[in-house]
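Atoms considered below: every heavy atom in the structure, side chains included; atoms not considered: hydrogens, waters and symmetry mates. Numbering of ligands and ligand atoms starts at 1, following listing order.
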Amino acid sequence: MKLDDIIARRSASPRRLIPPGPNEEQVRMMIEAACAAPDHRRFRPWRFILIRNDDRPKLADLFEAAAHETHGKLSEGQTQRAREKAFNGACLIAVAGVIRDDVPDVPPHEQWVSVGAAVQNILLTATSFGFGSMIVSGDKVKTRALQNGLGLNAKEQLLGFVAVGTVSKVPPATERPIVEDVLSVWPPEEAGMLT
Ligand SMILES: Cc1cc2nc3c(=O)[nH]c(=O)nc-3n(C[C@H](O)[C@H](O)[C@H](O)COP(=O)(O)O)c2cc1C
């Protein structure tokens with residue numbers, strides 16, 4: 001992987017991440033890369049759940065139940081839209097944070113940073129294999145229906161789903177922040193000298 005690939009990486013909507021997706025070995029490598037994320041005290045504050053393609057209809061049931069939990073009675077259109085999301089993305093991996101709040105020197109925000117870095121390692125590994133990818137969440141991740149349905153325990157919080165697959169429509173390049181807007185030099189009188 002080259003630096004340009006990291007800078008130019010774009011997320012692609014899960015519905016545009018069609019088969020073929022990563023094979024079993026590539027999925028293992030994406031998770032191996034995730035586990036190389038920076039991780040204070042090695043709490044490994046993440047859990048990944050691969051949704052097998054044969055089980056997408058069961059995931060659709062969970063998405064429908066989650067939409068019902070959030071919005072109450074659903075119209076036919078709402079039901080259909082909730083269900084079809086379960087079939088998007090050639091490969092779908094649920095990501096949960098397993099965050100401890102009893103360790104003052106490793107507060108929850110540090111652990112969430114680890115989860116985020118793990119997700120980015122998955123996205124970049126997918127890029128290195130030539131796949132597109134995206135992490136998505138939505139209202140549904142907060143629902144009991146989905147959290148329980150995926151088998152998460154009370155200490156685990158669903159962050160979202162990483163979708164990986166072959167990009168059917170390449171997203172255009174996007175504007176990124178200008179380095180000078182996000183990087184400053186301290187002390188300020190040294191501004192302009194980066195090293
Ligand atoms: C935890 C997390 C959840 C996200 N959930 C959604 C989502 O549900 N829907 C969405 O359109 N973008 C979501 N995003 C943003 C996209 O993943 C993506 O970063 C964004 O569309 C910008 O595209 P880019 O990665 O090409 O810059 C989420 C990002 C993060 C970090």
Side-chain angles (χ1 to χ4, degrees), residues 1-18 21-22 30-31 33-39 44-51 56 59-60 62-67 69-71 78 80-99 107-143 145-147 149-150 152 156-179 181-183:
M1 156 158 307
K2 297 204 185 84
L3 177 61
D4 283 355
D5 296 327
I6 296 175
I7 292 174
R9 188 202 67 84
R10 286 298 330 267
S11 298
S13 165
R15 64 177 196 285
R16 297 200 167 127
L17 295 171
I18 62 174
M30 292 193 300
I31 300 304
C35 293
D39 177 14
R44 304 190 171 113
W46 48 62
R47 186 149 85 88
F48 306 102
I49 302 163
L50 177 69
I51 313 294
R56 298 295 182 107
L59 185 68
L62 292 186
F63 281 8
E64 182 179 337
E69 186 179 320
T70 307
H71 302 293
Q78 285 174 310
Q80 200 187 327
R81 280 193 295 281
R83 294 188 66 85
E84 67 194 15
K85 289 198 169 123
F87 297 91
N88 291 338
C91 169
L92 209 51
I93 301 170
V95 180
V98 191
I99 308 300
H109 68 265
E110 288 196 10
Q111 298 169 58
W112 279 116
V113 165
S114 293
V115 178
V119 166
Q120 182 70 350
N121 280 359
I122 295 178
L123 302 180
L124 291 178
T125 306
T127 304
S128 80
F129 292 145
F131 293 117
S133 60
M134 182 165 177
I135 174 151
V136 289
S137 52
D139 286 349
K140 60 180 164 302
V141 301
K142 295 181 223 119
T143 63
L146 191 51
Q147 300 235 9
L150 288 172
L152 301 189
E156 298 173 322
Q157 273 172 272
L158 184 60
L159 176 69
F161 292 84
V162 173
V164 182
T166 300
V167 179
S168 65
K169 183 165 181 245
V170 177
T174 189
E175 261 185 45
R176 297 296 188 193
I178 295 165
V179 171
D181 287 348
V182 296
L183 174 68

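- Shortest contact from atom 27 (O) of ligand 1 to any protein heavy atom: R176 NH1, 2.6 Å.
- Between I135 and ligand 1, a contact under 3.5 Å exists for at least one N or O pair.
- Residues H71 and D139 meet the side-chain proximity criterion, which asks for heavy atoms closer than 4.5 Å.
- Remark: atom 16 (C) of ligand 1 lies closer than 4.0 Å to at least one protein heavy atom.
- Contact analysis leaves T174 out of contact with ligand 1, as no non-hydrogen atom separation drops below 4.0 angstrom.
- By the criterion of a heavy-atom distance under 4.0 Å, neither the backbone nor the side chain of K85 is placed next to ligand 1.
- At a threshold of 4.5 Å between non-hydrogen side-chain atoms, the residues I6 and D4 do not count as touching.
- Here atom 25 (O) of ligand 1 lies nearest to S11 when heavy atoms of G116, G160, A173, S11 are compared.
- The side-chain heavy atoms of L152 and L158, taken from C-beta on, include a pair separated by under 4.5 Å.
- Counted within 6.0 Å of CZ on R15, heavy atoms from surrounding residues, nucleotides or ligands total 12 or fewer; the atom is thus considered open.
- In this structure, F161 has its ring center under 6.0 Å from that of F63.
- Residues V98 and V115 have side chains not in contact (no heavy-atom distance under 4.5 Å, counting atoms from C-beta outward).
- Closest to atom 7 (C) of ligand 1, if we only count protein heavy atoms, is S137 N, 3.6 Å.
- R56 CZ: more than 12 foreign heavy atoms inside a 6.0 Å radius.
- Between D139, V136, V162, L123, it is V136 that holds the heavy atom closest to atom 6 (C) of ligand 1.
- When each atom of ligand 1 is checked for a heavy atom of G138 under 4.0 Å away, the hits are 8 (O).
- For atom 21 (O) of ligand 1, the closest heavy atom belonging to the protein is M134 CE, 3.7 Å.
- Contacts between L159 and ligand 1, counted as non-hydrogen atom pairs separated by less than 4.0 Å, involve the side chain only.
- Here the closest heavy-atom approach between residue A33 and residue N121 is recorded as O-ND2, 2.8 Å.
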